[in-house]
Structure formats: structure tokens, C-alpha cells
Protein chains: 2
Amino acid sequence: MADPSRKPDVFQAIADPTRRQLLSMLGEREMPVTVISGHFPMSRTAVSKHLRILADAGLVKERKVGRETRYRLEPEPLLELKRWLAYYERYWDNKLLALQRFVEGDETDGTIALVAPEEDGTRTAE
Amino acid sequence: MADPSRKPDVFQAIADPTRRQLLSMLGEREMPVTVISGHFPMSRTAVSKHLRILADAGLVKERKVGRETRYRLEPEPLLELKRWLAYYERYWDNKLLALQRFVEGDETDGTIALVAPEEDGTRTAE
DNA sequence: TTGACATGAAACCTTTTGGTTTCATATAAT
DNA sequence: ATTATATGAAACCAAAAGGTTTCATGTCAA
């Protein structure tokens, strides 16, 4: 993450379709800003600002290589979203809850929230 | 859903912390607007507008009972979010992907998107 | 060293968002 | 019939979001 003073809200970060597109684009390979912005119908600066928001949310990491800055996906913050979503799985499927917990409990830190921890899924101060 | 002319973007809908709180509140029991808004530090009208946005996204359903309108959670649209998230699971965990697919393929319609379908997870026209 | 390229910062603008207060309408209670 | 309750619609407002253009800076290439 870049600056902790800027709010790193992952829900907010993925709300914008352009930013979701950015994430899917940066999944496999890292890319410099100019190349990335070539795929979007907006200015390079606008794309740069979206990347900044994603970086603040911890969803992308930047790496300086010579005169260019390359961005790549950092999927870890999506775990918060997964945790939030896990709570609601019980509403559309109950019978698979136990197995789901087993699977997800092994790949995360084991604290799948089956009772919504903050009522809204934010981690205000931890 | 209320009016199809209003955009039913689930990503947008859950971006707001108040609306996430609303969802968690309406999970178990349906509630009328006045009771709901009693839990929030804003006007009843403001809460009502949030509920409208959630309804447009299909995340809550309203039911008129006498002079009051009761709202309750409708979790189905969260499946889109789950599908979107499923694509990124491969980035933080590869070895459990097969089992994950098995589990989720059984509880959804079976079309877990392992290749992002629209590049950004939106269902523009389907 | 000089010029081209890659990028972020700054200033600015327009639209959307999240909130307010006021008003209209429908139902319930007396 | 009259009054109180429950709610949404409307008009309005400030702040945030998403975009632009311009400018400054750092790095690579001649």
C-alpha cells in the first residue's frame, strides 16, 4: 500500500468498472501505465488515478523499472471481500456450508466470518 | 426489482458502508423503514433512498403490509459478486481450485467464470 | 548535452452521490 | 370524520468522483 492516510476501501475500489477491468488486465503480467492506458478510452492520467486508488486499496503493487512504473495485481485484499461474502452464503445455500468452511478455512487464516464482525464488513481499526 | 431503467449495479450497491449495514440487518427478518432507520444516524428519507438503491440492484425486496413497507434481504445478486471473485481465487490459491469448483458448481448454475467473461464482471446486456 | 519518453502532481470542470427539509398520499386509529 | 402514522417524491445542497489539460521531473537515447 502506498499512503495509509488515503482510505484503502476495497469495496469502493472495485465499485468502478474501469478499475475492475484494470484488475483483470493486471492479473497475469505486470504492465507500465502507457501500455495499460492504451486499452482504455480515456486519458493516461485518468488511468493513472484509477491505478492510484487500486494501489491505496492494496489491490495493485507498483514497481519502478527505469523510467516506467509497472503495475501488477495484488489479490490479497480481495480476501476481505471473500470474508464478507462468506457470511451471505448461508442465505442461498445452507447444506454446503460445512464443506465450504472446511475449504476456505484452509486457505485463509481460518477466521471465516459467519457472524458479520463489524456489521458492514469494514475493518475500521485493527 | 423496481424499475429496470435504474442501473442495478451490485458492485456499486455494496460500495457504501451504510448499505452493507442494511444488508446485514435485513438478513434474518424483514423490517419496516421506520424501524430500520432507527439504527442509523441519518434521516429516515436517507435510509429510504439507500433501500431504493439496494432494491434496484435486486439485493432487497419490498413488501407492502398495511401502511408500512417492509424490506428483506434478497441474496441472489451476490452470486455475481461471487462469480467475479471466483476468478481471482486462482491468484491466492491454486491447489484448492478443483475442490472449490466442485463445491460452487453444485450450488450455482454451474458456470463459475474461470476466465473473466466481460473483463470487468458486468452483465451489460444478457 | 540535448531531446524524446514515461509518469505523477496540480488545477480545474461536470456529474454523481449522500445527505437534508418539505410536501403529498395512503392507511390506521379514535 | 378527523387525526396520527408510514412512506416516497421533490427540490435542494455540499462533497466526492471521474474526467480533462497543463506542467514538472526523472530517465533513456543520440
Side-chain angles (χ1 to χ4, degrees), chain A residues 1-3 5-23 25-26 29-57 59-72 120-122, chain B residues 1-23 25-26 29-57 59-72 120 122:
Chain A
M1 75 212 81
D3 185 350
S5 73
R6 279 169 292 195
K7 34 192 158 181
D9 188 339
V10 69
F11 289 90
Q12 188 96 359
I14 66 164
D16 185 274
T18 299
R19 290 197 286 269
R20 290 198 296 276
Q21 228 173 309
L22 281 168
L23 290 182
M25 187 174 302
L26 298 173
R29 47 200 162 284
E30 71 176 8
M31 294 167 75
V33 178
T34 306
V35 173
I36 298 170
S37 72
H39 296 73
F40 291 87
M42 65 188 71
S43 73
R44 174 191 53 77
T45 315
V47 172
S48 195
K49 288 208 287 186
H50 280 301
L51 287 168
R52 164 83 36 207
I53 291 170
L54 290 174
D56 288 343
L59 284 165
V60 299
K61 267 183 80 178
E62 27 184 314
R63 183 170 72 102
K64 296 268 294 180
V65 176
R67 62 181 157 182
E68 61 188 22
T69 308
R70 299 187 188 160
Y71 290 85
R72 76 161 203 281
D120 62 346
T122 50
Chain B
M1 73 218 78
D3 184 351
S5 72
R6 279 169 291 196
K7 34 193 160 182
D9 189 338
V10 70
F11 290 91
Q12 190 94 2
I14 66 164
D16 185 274
T18 299
R19 288 195 288 267
R20 290 198 295 278
Q21 228 173 309
L22 282 169
L23 291 182
M25 186 175 302
L26 298 174
R29 47 201 160 285
E30 71 176 9
M31 294 166 75
V33 177
T34 305
V35 173
I36 298 171
S37 73
H39 296 73
F40 291 88
M42 65 188 72
S43 73
R44 174 190 53 77
T45 316
V47 172
S48 194
K49 289 209 287 185
H50 280 300
L51 287 169
R52 163 86 34 212
I53 291 170
L54 290 173
D56 288 344
L59 284 165
V60 299
K61 267 182 83 176
E62 27 183 315
R63 183 170 73 103
K64 297 268 293 180
V65 176
R67 61 180 157 184
E68 61 188 21
T69 308
R70 300 188 188 158
Y71 289 84
R72 75 162 204 278
D120 62 346
T122 51

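In what follows, chains are A, B, ... by sequence order, proteins preceding strands, each numbered from 1. Only heavy atoms go into these numbers, but all of them, side chains included; no hydrogens, no water, no symmetry mates.
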Nearest whole Å is fine: how far is [N] [atom2] from [X] [atom1]?
X	N	atom1	atom2	result
Leu51(B)	dG19(C)	CG	C1'	15 Å
Arg63(B)	dT27(C)	CZ	P	16 Å
Arg67(A)	dA4(C)	CZ	C1'	7 Å

Do any side-chain nitrogens or oxygens of [X] fall under 4.0 Å of OP1 or OP2 in [N]?
X	N	value
Ser48(A)	dG8(C)	yes
His50(B)	dT17(C)	no
Gln12(A)	dA16(D)	no
Arg44(B)	dT21(C)	no

I'd like to know if the side chain of Arg19(A) and the backbone of Gln12(A) have a donor-acceptor N/O pair within less than 3.5 Å.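 Yes, the answer is positive, given that a donor and an acceptor are paired below the 3.5 Å cut-off.
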
Note the angle between the end axes of the helix from dT1(C)-dA30(D) to dT30(C)-dA1(D), five pairs defining each, rounded to 10 degrees. 20°

Base, sugar-phosphate, or nothing for Thr34(B), non-hydrogen atoms under 4.0 angstrom?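 Thr34(B): backbone/sugar contact only, no base atoms under 4.0 Å.
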
Base, sugar-phosphate alone, or nothing: which one does Phe40(A) contact when heavy atoms must sit under 4.0 Å apart?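 Answer is nothing: Phe40(A) stays at 4.0 Å or more from every strand.
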
Could you please name the option among dG19(C), dA9(D), dG18(C) that lies closest to any side-chain atom of Ala46(B)? dG19(C)

Taking donor-acceptor contacts at under 3.5 Å, does the side chain of Lys49(A) reach the base of dG19(D)? yes

